[in-house]
Amino acid sequence: MLDIQNRTVDKVVIHLWQNLMDPNNSVELIDSLQLRFTDGSRITIGCNDTSEGLEIIDLNIEELRKTLNSESNGKIKVHALDASKTKMWQDIPSQTLKAIQLTKENDNYKADSLLLDFGHEKRTVSISPYDGLVIDYYEDI
């Protein structure tokens, strides 16, 4: 994570899962958040295998789509959406990621949430077992 600090954000992409098993009650959740930088590098933040924490993942979206389509008969889809122009992210492209901060308890860092610090703007990313990634504004108190 330290490698991507001080890089300029070009684009913010979210990967949205859409579960259509019940056509009357579809479920959508954010599976991962990807920051793409002006130098061509990127970082994707998602859930770990047990859905108990966050981790940096190596996401192959096309392979994931094929697997989900095969396993769910097309009832679960994943979409890569450019979130850069949404209200949540519109001020972030062209900003520098100053720091990524993790929750610290005693001397241990936890993987339950993180803070993306873009200087004048900050966002929190946390995990909910039933809601996927939860992304929110952060304000210093």
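Hydrogens, waters and symmetry mates play no part in the numbers below; they use all other heavy atoms, side chains included. Everything numeric here is computed off the predicted structure, so don't read it as measured data.
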Discussion item. If hydrophobic clusters are built from ILVMFWY residues whose side chains come within less than 4.5 Å, do Val125 and Ile4 share one?
Written reply: yes

Worksheet item: Do Thr67 side-chain atoms and Glu63 backbone N/O form a donor-acceptor pair below 3.5 Å?
Response: yes

Item to complete: Would you mind reporting whether Leu54 and Asp112 have side-chain heavy atoms less than 4.5 Å apart?
Response: no

Fill in: Pairwise side-chain contact, Leu33 with Leu116, heavy-atom cut-off 4.5 Å (strictly under)
yes

Fill in: Ile56 side chain near Ile45 side chain, heavy-atom distance below 4.5 Å
yes

Practice prompt. Please check if any side-chain donor atom of His79 sits under 3.5 Å from a side-chain acceptor atom of Gln18, or the reverse.
Written response: yes

Discussion item. Test your reading of the model: is there a side-chain donor-acceptor pair from Thr96 to the backbone of Asn6, 3.5 Å cut-off?
Written reply: no

Practice prompt. Side-chain contact test, heavy atoms from C-beta onward, threshold under 4.5 Å: evaluate it for Val9 versus Phe37 and give yes or no.
Written response: yes

Item to complete: Answer whether the closest heavy-atom distance between the side chains of Lys98 and Asp117 falls below 4.5 Å.
Response: yes

Worksheet item: So with a 6.0 Å cut-off around NZ of Lys77, is the heavy-atom count from everything else above 12?
Response: no

Discussion item. What I'd like to find out is whether the side chain of Leu133 reaches to under 4.5 Å of the side chain of Asp31, using heavy atoms alone.
Written reply: no

Discussion item. Using 0.5 Å steps for rounding, measure from the CH2 atom of Trp89 to the CD atom of Glu121.
Written reply: 10.0 Å

Worksheet item: When rounded to the nearest 0.5 angstrom, what distance separates CG in Asn19 from NZ in Lys75?
Response: 10.0 Å

Worksheet item: Which pair of heavy atoms, one from Ser32 and one from His15, lies closest together, and at what distance?
Response: OG-ND1, 2.7 Å

